[in-house]
Amino acid sequence: MTKLTFIHAADLHLDSPFAGMSNIPNRIFKRLKESTFQSAKNMFELAIDREVDFMLLSGDLFDESNRSLKAQLFLRNQFLQLQSHGIEVFVIYGNHDHLGGEWTPIEWPENVHVFLSSTPSEQAFYRDGQLVASIYGFSYKERAVHENMTPYYEKTTDAPYHIAMLHGTLAGQEGHDAYAPFQLQQLLARDFDYWALGHIHKRALLHEDPMVIYPGNMQGRHIKETGEKGCYVVYLSEDAQRAEFMSCSDVIFETLIIDITHTAHMTDLVTLVDKKMSGLKERGVPHFVKIELTGDAPAYMELTQLEVLEELMAVLHEQEEDEDLFVWVMSIDCRTHEDAVYPEDSFLTELTAEIAEFDAYDELLSPIKRHPTYRKAGRAFTKEDEIDIKEEAQRLLAEQLKQL
Ligand SMILES: [Mn+2]
């Protein structure tokens, strides 16, 4: 049986606006704004480098359903590059780039195969005139697809390999819109050779034989999407299967947890923070970091006003002059000794429960939603946003309680 080599990626979210981060200086923001393109470029170069047979893009190639022209032209150019190297591309669209959106379409080159059906259909991959793989997939015809689509995946050819593409949610994943939900066992029961998933932004190898993989997104876009992001290079043969993760991130988000128990002065703390930041720089990739100071609060900290941390942040920002390699601090939080200082545990428990139950976002946001600025520039909150907001509220309330 022949061998197959391909790249599996998803959730490129090209041309993400990074709207919430536009307060950072222009030279830094520019790098961030281009990062969804650069990370994708890194992947396309990898495909050519590894001489893969084809590439699978499992949905959310575009961030917005109106698909910016910039993003489309970028992809077209990249696809043309692949074409000149004889590499084919198979594409499904997800909830972000669903087919119900309005955009000015451009033509894809002939090596690009898009699944436009709203239930899985088959497209063939030939090598030297021989059918080598059947690839199956569907695209979202509107933003929300709530149906479990796994029963519709059927092997319809006698190809040596059958590969399924699916943009959807593994049942029980918190914080993601539960589109096209499925259970792992349901996928396995379809008896495919590989499941190329998309939608969940954290990469995960759900199963090894056959491989079922979420590659995660290509580029972290906020502080919750930490670490290296990228794609998988997959090798299939009759008796072996292997998937290799390759980082493609152009910038990396990271949380730096720094234990300050043994610092005696503010200068020790600054030295410690500097050391951690230099460590990140050694990776050779720009970073955006959130710093959390933990441990037992040293004596000098008790006299330290929180504004000093703001000042420290400003000092750290001034050090970052190189726009090709920087560590940009987004926040410094002091979390020393946190759980010991809640005044009344039972009260806090009740408060936490109350927050967890809250779901009246629509009601709360309706005055804002009527505002013309929001209508022009705002976007709907996702489940993920709602969880973030809750967590932040919880943290702020706990901090307030500490001061009582
Ligand atoms: Mn998605």
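Checked for salt-bridge contact, D191 and K155 meet the test: a charged N lies under 4.0 Å from a carboxylate O. We find that K281 and E320 are joined by a salt bridge, their nearest charged nitrogen and carboxylate oxygen being less than 4.0 Å apart. E34 has a carboxylate O that lies under 4.0 Å from a charged side-chain N of K70, or vice versa, which qualifies the two as a salt bridge.
Under a 3.5 Å cut-off, the side chain of Q123 and the backbone N or O of V114 do form a donor-acceptor pair. In this structure a side-chain-to-backbone donor-acceptor pair under 3.5 Å is present from D193 to H162. The backbone N or O of Q130 sits nowhere less than 3.5 Å from a side-chain atom of D128 that would complete a donor-acceptor pair. One N or O on the side chain of D60 and one on the backbone of N95 form a donor-acceptor pair closer than 3.5 Å. Between the side chain of S39 and the backbone N or O of D250 there is no donor-acceptor pair closer than 3.5 Å. A donor-acceptor pair is defined here as one N or O able to donate and one able to accept, closer than 3.5 Å; such a pair exists between the side chain of D97 and the backbone of F62. Side-chain atoms of Q38 do not come within 3.5 Å of backbone N or O of V251 as any donor-acceptor pair. A donor-acceptor pair under 3.5 Å links the side-chain atoms of H8 to the main chain of L197, judged by distance alone. Remark: side-chain polar atoms of S237 are not paired, donor with acceptor, to backbone N or O of K3 under 3.5 angstrom. With hydrogens and angles ignored, the 3.5 Å screen pairs a side-chain donor or acceptor of N111 with a backbone N or O of I87.
Side chains of Y140 and H96 form no contact here, defined as non-hydrogen atoms less than 4.5 Å apart. Side-chain atoms of Q219 and H13, non-hydrogen and from C-beta on, never get closer than 4.5 Å to each other. Side-chain contact between W328 and P286 is absent, with no heavy-atom pair separated by less than 4.5 Å.
Side-chain N/O atoms of N77 and Q81 include no donor and acceptor closer than 3.5 Å. Side-chain atoms of Y194 and Q241 form no donor-acceptor pair, as typed in the model, at a separation below 3.5 Å. Under 3.5 Å, the side chains of T2 and Y161 contain no donor-acceptor pair of N or O atoms.
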- Task: Could you check L69 against I106 for side-chain contact (heavy atoms from CB on, under 4.5 Å), going step by step and ending with a plain yes or no?
- Result: CA-CA 8 Å; L69 194 60; I106 64 164; 4.0 Å; yes
- Hey, mind stepping through R50 and M246 against side-chain contact (heavy atoms from CB on, under 4.5 Å) and telling me if it holds? CA-CA 12 Å; R50 294 292 180 93; M246 295 297 293; 3.6 Å; yes
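Proximity of the aromatic rings of W195 and F182 is defined here by a centroid distance below 6.0 angstrom, and this criterion is not met. Checked against the 6.0 Å centroid criterion, the rings of H287 and F253 do not qualify as a close aromatic pair. For Y136 and F192, the gap between ring centers is short of 6.0 Å.
In this structure, T36 OG1 and D11 CG are separated by 12.5 Å, a value rounded to the nearest 0.5 Å. The distance from the CG atom of L116 to the NZ atom of K141 is 13.5 Å, given to the nearest 0.5 Å.
Heavy atoms from other residues, nucleotides or ligands lying under 6.0 Å from CD of E244 number more than 12. Atom CD of Q319 sits in a crowded spot, with more than 12 heavy atoms from other residues, nucleotides or ligands closer than 6.0 Å. At most 12 heavy atoms of other shown residues, nucleotides or ligands fall within 6.0 angstrom of atom NZ in K276.
Between F54 and F6, the angle of the ring planes stays under 30°, which puts this pair in the parallel group of the 30/60° scheme.
Judged by a 6.0 Å distance limit and a 45° cone about the ring axis, R67 is positioned over the six-membered ring of Y93.
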